[in-house]
Colleague: 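Pasting a structure below so you can have a look.
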Amino acid sequence: MNKNILHQEVQQYINANLNADLHVLLLKKSPFNDVSIQEIVQQIKGKKVASKKFPFLLKEGIVFPAQLNLEQSSSEVTAIYKSNLVKGESFIDLTSGLGIDAYYLSRNFSKVTLIEQNADLLEIVENNWNILGKEGRFIHQKLEDFLDQNKETFDTIYLDPARRDDHKNKVFLLEDLSPNILEIEEKLLSFSNEVIIKLSPLIDLKYLVSVLPNIFRIDIVALKNEVKEILIFLSKNEVKEIVCHCVNLESGEPIFTFNFGDEENVPKEYFEPERFIYIPNNAILKAGTFNLISEKFGLKKLHSNTHLYTSIKKIEGFPGRVLEVQIIESKQIKKKSQHNIISKNYPLKPEEIKKKYGLKDGGEGYLIFTQSKKGKIILKSI
């Protein structure tokens, strides 16, 4: 970390150029001998990312790392959610990165340890925590080396493995991550009875359960209906059932909780649309609880491959969108009319539908192109 970035005149220059054209700024010479224009621009980028992703870092004296570290960091919102799940005496983050998760997850612990193999990044985190008045033990070391030498135990271990290979390509299988979770699982559980691992939202849940016998909880975490991360919780105690939580932060929707595997035992029936249509949030769709959600809320599913549900009377507390609808014919669709287009289990994508019917996107109304057990249908919100 270049500590000269913290000089008052440099900070003033950064703040004065927050709205500058960064491409133009990069072509200029830095007004400071000990801070490059590239370092200045990176701080501006960091502040812009922080304003949306982790605004608690918008304080004087905070330093921001390289762009990739900013992109890979958890958001403040998801970190706060995780912080409410754990508590104890000692906490360790084995892959601290920018330290967003560690900052919040460790709130309910008195002893906090951060491991990071990138010395520059760790120095930035230590600086930022000092600014924020947060204490911790900062260890510059490779995770694998720390685990080989460690003699301590911790109430909670947290890690967010790197999901890119040596060629910067994204990887998802546990054995391809860095570190390899399958190789270190036993060692992690020898140091703690609770291990939390953050994984890609693209990872397959059935695969996880098949390769990690110590999973006792899975959280599918979405933010404003975009699935951001999968959290798995490991324990060395005997696991009798796996509890799953589908969470959609900043939506006002309730958490949907179920036991992994229950989906297989739900009888499958399909019905024609009634007065209300229910569209599950993306956390539930990721969980694959297509029939279980129907049973839990007393809803009727339209089709085996149409993850839409219906009822005559409106059911409150559904984790997703609820629309009052009517079935219409395609000839009833007016050209150049404005609608939000939803396509579920339908041959055409929303863009193709808009082009075919000459529709404008947006407005307050919805057109749903889908299939029931009788075939293709169009539903209009009323």
Side-chain angles (χ1 to χ4, degrees), residues 74-87 101 104-105 107-108 194 196 198-203 205-206 208-209 215-233 240-269 271 273-302 306-325 340 342 344 364 366 368 370 379 381:
S74 293
S75 68
E76 183 175 341
V77 175
T78 57
I80 290 172
Y81 168 76
K82 292 191 280 277
S83 73
N84 295 316
L85 306 179
V86 292
K87 62 181 179 179
D101 278 332
Y104 282 102
L105 273 160
R107 289 197 302 188
N108 298 322
E194 183 174 60
I196 305 174
K198 174 185 166 184
L199 297 170
S200 164
L202 299 179
I203 200 158
L205 301 188
K206 290 183 179 179
L208 286 177
V209 172
I215 295 178
F216 71 91
R217 173 173 176 164
I218 300 174
D219 282 26
I220 302 151
V221 184
L223 175 59
K224 296 179 180 178
N225 210 30
E226 180 183 352
V227 179
K228 293 293 187 179
E229 56 195 52
I230 306 294
L231 300 175
I232 59 172
F233 296 70
K240 294 183 179 179
E241 59 185 20
I242 302 171
V243 179
C244 300
H245 302 271
C246 298
V247 184
N248 190 15
L249 301 172
E250 295 193 349
S251 69
E253 297 169 2
I255 296 174
F256 181 66
T257 301
F258 64 98
N259 291 333
F260 193 87
D262 282 358
E263 171 74 11
E264 309 302 323
N265 303 319
V266 180
K268 300 172 179 62
E269 283 189 274
F271 301 85
E274 295 177 334
R275 183 178 175 185
F276 293 96
I277 287 291
Y278 301 77
I279 308 170
N281 66 43
N282 285 331
I284 289 172
L285 294 178
K286 172 62 184 179
T289 57
F290 307 129
N291 297 299
L292 191 60
I293 191 76
S294 178
E295 181 185 69
K296 291 274 188 181
F297 286 89
L299 302 173
K300 301 170 182 177
K301 197 169 191 288
L302 298 191
T306 300
H307 308 315
L308 297 175
Y309 307 83
T310 192
S311 69
I312 295 175
K313 295 183 178 180
K314 186 176 181 180
I315 306 297
E316 300 295 338
F318 181 79
R321 194 181 307 160
V322 184
L323 299 173
E324 187 176 0
V325 300
N340 294 289
I342 296 174
K344 298 280 189 182
E364 296 183 358
Y366 288 82
I368 303 173
T370 187
L379 304 171
S381 65

Colleague: Could you go through the side chain to side chain contact (heavy atoms under 4.5 Å, CB included) check for L85 and D219 one step at a time?
Modeller: CA-CA 11 Å; L85 306 179; D219 282 26; 3.7 Å; yes

Colleague: Measure from the side-chain N and O atoms of N281 to the backbone N and O of I284, and report whether any donor-acceptor pair falls under 3.5 Å.
Modeller: yes

Colleague: So, does N108 use its side chain to make a donor-acceptor pair with the main chain of S83 at under 3.5 Å?
Modeller: yes

Colleague: Would you say K286's side chain and I203's backbone share a donor-acceptor pair under 3.5 angstrom?
Modeller: yes

Colleague: Please say whether more than 12 non-hydrogen atoms of neighbouring residues, nucleotides or ligands are located less than 6.0 Å from NZ in K240.
Modeller: no

Colleague: Write down the atom of H307, the atom of P280, and the distance for their closest heavy-atom approach.
Modeller: O-CD, 3.3 Å

Colleague: List the atom of P254, the atom of P319, and the distance in Å for their closest heavy-atom pair.
Modeller: O-CB, 3.7 Å

Colleague: Look at K224 together with E226 and state whether they make a salt bridge at an N to O cut-off of under 4.0 Å.
Modeller: no

Colleague: Taking the side chain as every heavy atom from C-beta outward, state whether K296 and T257 have any pair of such atoms under 4.5 Å apart.
Modeller: no

Colleague: Side chain to side chain contact (heavy atoms under 4.5 Å, CB included), that's the test. Do T310 and L302 meet it? Break it down for me.
Modeller: CA-CA 7 Å; T310 192; L302 298 191; 3.9 Å; yes

Colleague: Would you check if the side chain of E263 reaches a backbone N or O of N291 as a donor-acceptor pair within less than 3.5 Å?
Modeller: yes

Colleague: Using the test side-chain contact (heavy atoms from CB on, under 4.5 Å), find all partners of V322 that sit at least two apart in sequence or belong to another chain.
Modeller: F276, Y278, K314, F318

Colleague: Working to the nearest 0.5 Å, report the span between CD1 of I215 and CZ of R217.
Modeller: 13.0 Å

Colleague: Please report the shortest heavy-atom distance between Y366 and S381, naming the atom on each side.
Modeller: N-OG, 2.8 Å

Colleague: For E269, does the CD atom sit with more than 12 other heavy atoms under 6.0 Å from it, leaving out its own atoms?
Modeller: no

Colleague: Taking E229 for its side chain and V221 for its backbone only, find out whether a donor-acceptor pair lies under 3.5 Å.
Modeller: no

Colleague: Just verifying a value: how many Å separate N259 CG and C244 SG, rounded to the nearest 0.5 Å?
Modeller: 7.5 Å

Colleague: Where do D101 and A79 come nearest, in terms of heavy atoms and distance?
Modeller: OD1-CB, 3.5 Å

Colleague: So which heavy atom on L105 is nearest to which on K82, and how close?
Modeller: CD2-O, 3.4 Å

Colleague: Passes side chain to side chain contact (heavy atoms under 4.5 Å, CB included), I277 versus T370? Steps please.
Modeller: CA-CA 12 Å; I277 287 291; T370 187; over 6 Å; no

Colleague: Would you say the side chain of L323 lies within less than 4.5 Å of the side chain of L379, judging by non-hydrogen atoms?
Modeller: no

Colleague: Please tell me if the side chains of I230 and I218 come closer than 4.5 Å, counting only heavy atoms from C-beta onward.
Modeller: yes

Colleague: Of all heavy-atom pairs between V247 and A283, which one has the smallest distance, and what is that distance?
Modeller: O-CB, 3.7 Å

Colleague: Got a second to check how far I293's CD1 is from F258's CZ, nearest 0.5 Å?
Modeller: 9.0 Å

Colleague: Using side-chain contact (heavy atoms from CB on, under 4.5 Å) as the criterion, point out the one residue from N282, L285, N248 that pairs with V227.
Modeller: N282

Colleague: So, do R107 and I80 sit near enough that their side-chain heavy atoms are less than 4.5 Å apart?
Modeller: yes

Colleague: Can you name the residues that form a salt bridge (Lys or Arg N to Asp or Glu O under 4.0 Å) with R321, not counting sequence neighbours?
Modeller: none

Colleague: Counting distance only, does the side-chain N/O of T306 pair as donor-acceptor with the main-chain N or O of L308 below 3.5 Å?
Modeller: no

Colleague: Measure the spacing between OH of Y104 and CD of E76 and express it to the nearest 0.5 Å.
Modeller: 3.5 Å

Colleague: I'd like to know if the side chain of Y309 and the backbone of F290 have a donor-acceptor N/O pair within less than 3.5 Å.
Modeller: yes

Colleague: K228 vs S75, test: side chain to side chain donor-acceptor pair (under 3.5 Å). Steps then yes/no.
Modeller: CA-CA 9 Å; K228 293 293 187 179; S75 68; over 6 Å; no

Colleague: For the OG atom of S311 and the CG atom of L299, what is their distance to the nearest 0.5 Å?
Modeller: 5.5 Å

